[in-house]
Amino acid sequence: MIICDVGPRDGLQNEPGALDPATRAVLINRLAATGLRRIEAVSFVREDRVPQMSGAEEVVAAIEPREGVEYAGLVLNEQGYERLKGTSLDRVNVTLGATETFNQRNGNASLAEATERVQRILAVADRPTTATISVAFGCPFEGAVDPGVVADLAARLEADEVVLADTIGVATPSAVRSLVARVAGADAVGFHGHNTRNTGYANALAALDAGASVLDASVGGLGGCPYAPRATGNIATEDLVYLLDGEGVETGVDLDSLVHVAEWLEGVLGRTLEGQVYRAGQAVAAS
């Protein structure tokens, strides 16, 4: 089982301010030192639209590679893939929404057009691929999403791995367990959860029980969804590791080291983060 920390990309992308490439690379290197096996490091997008992700190539150049750690980058189109191809990143991430409206709002494309774009990138990718299906359990514009539609979409995507994303945090464990099991029958599958309604960690366990081989999480619980303002951040990596350790699931991650990264990042950002393991440790120390 792999925990993928998406904080350097999905987390920081939703921050109001932008960290410079050198600081983002330090975050990635600190996360890699904890024993995490995969990190989503950057996205290759237009810097005028997403300034938080500017200087992606600089970030990658400053990464200190570690054996056993896979570094991934997100691309939204062929231009982004061409940029990624010129780097040392190990994995290509692509994404699309499960609904028409989300794709229109997020990428100015229909579902069919978004699917075709993703398939073109997957067809030419020269390294392992992950396709994330956003709003797989519920859409901020269309409401409930038919699991059959998501399963059919996952089956059409020619990726090495499909990740089902509860982008706005509406899923419950039974829904996650059912859809992950359905998709896992044909593909390597992962789960990306948000904790908007305090179901994110239960959902992660349900996904694991149903056959998920990858769980996304974000250090400190960074992240959110810009198209669903009330959606809170990703599940916190340190809280997920604490849960999995307690359940006897081997993660290979040093929890104390990960908590120190969250503590450092909180200082860098100058605000309180969402992770509770770090916060509980502070309370115990104070008492």
Quick check against the 3.5 Å criterion: does [X] have a side-chain atom that pairs as donor or acceptor with the backbone of [Y]?
| X | Y | result |
| --- | --- | --- |
| T129 | D160 | yes |
| R127 | K85 | yes |
| T87 | L89 | yes |
| S178 | S174 | no |
| T199 | A171 | yes |
| Y201 | A236 | yes |
| E238 | G220 | yes |
| E100 | S110 | no |
| R24 | P8 | no |
| E250 | G252 | yes |

Are there more than 12 heavy atoms of other residues, nucleotides or ligands under 6.0 Å from atom [atom1] of [X]?
| X | atom1 | result |
| --- | --- | --- |
| N108 | CG | no |
| E82 | CD | yes |
| E142 | CD | yes |

For [X] versus [Y], what's the shortest heavy-atom pair and its separation?
| X | Y | answer |
| --- | --- | --- |
| D90 | V69 | OD2-O, 3.8 Å |
| R271 | E266 | O-CG, 2.7 Å |
| G73 | L84 | O-CD1, 3.5 Å |
| C139 | T99 | SG-OG1, 3.3 Å |

Evaluation steps, side-chain contact (heavy atoms from CB on, under 4.5 Å), between L31 and L258
CA-CA 7 Å; L31 288 171; L258 190 56; 3.9 Å; yes
Quick one: pull up [atom1] in [X] and [atom2] in [Y] and give me the separation to the nearest 0.5 Å.
| X | Y | atom1 | atom2 | answer |
| --- | --- | --- | --- | --- |
| F102 | I133 | CZ | CD1 | 12.5 Å |
| R66 | R37 | CZ | CZ | 15.5 Å |
| R197 | T172 | CZ | OG1 | 11.0 Å |
| H192 | S134 | NE2 | OG | 7.5 Å |
| L205 | L243 | CG | CG | 4.5 Å |
| T115 | N103 | OG1 | CG | 7.0 Å |

Does any donor atom in the side chain of T34 or D254 lie under 3.5 Å from an acceptor atom in the other side chain?
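There is no such pair (donor and acceptor under 3.5 Å, judged by atom type) between the side chains of T34 and D254.
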Quick one: sort the F137 and F191 rings into parallel, tilted or perpendicular, breaks at 30° and 60°.
perpendicular
So if you build clusters from Ile, Leu, Val, Met, Phe, Trp, Tyr with side-chain heavy-atom gaps below 4.5 Å, do [X] and [Y] land together?
| X | Y | answer |
| --- | --- | --- |
| V241 | V6 | no |
| L240 | M1 | yes |
| L222 | V42 | yes |

Trace of the side-chain contact (heavy atoms from CB on, under 4.5 Å) decision for L96 with L153:
CA-CA 10 Å; L96 75 166; L153 179 58; 4.1 Å; yes
Applying side chain to side chain contact (heavy atoms under 4.5 Å, CB included) between V219 and each of L265, L12, N234, report the one that passes.
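With V219 as partner, L265, L12, N234 yield a single side chain to side chain contact (heavy atoms under 4.5 Å, CB included), made by L265.
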Candidate pair R38 and T130, rule side-chain contact (heavy atoms from CB on, under 4.5 Å), full reasoning:
CA-CA 12 Å; R38 187 185 297 176; T130 296; 3.8 Å; yes
Worked check of side-chain contact (heavy atoms from CB on, under 4.5 Å) between L122 and V92:
CA-CA 8 Å; L122 294 173; V92 181; over 6 Å; no
For T237, run the side chain to side chain donor-acceptor pair (under 3.5 Å) check against T251, D216, D5 and tell me which one passes.
D5
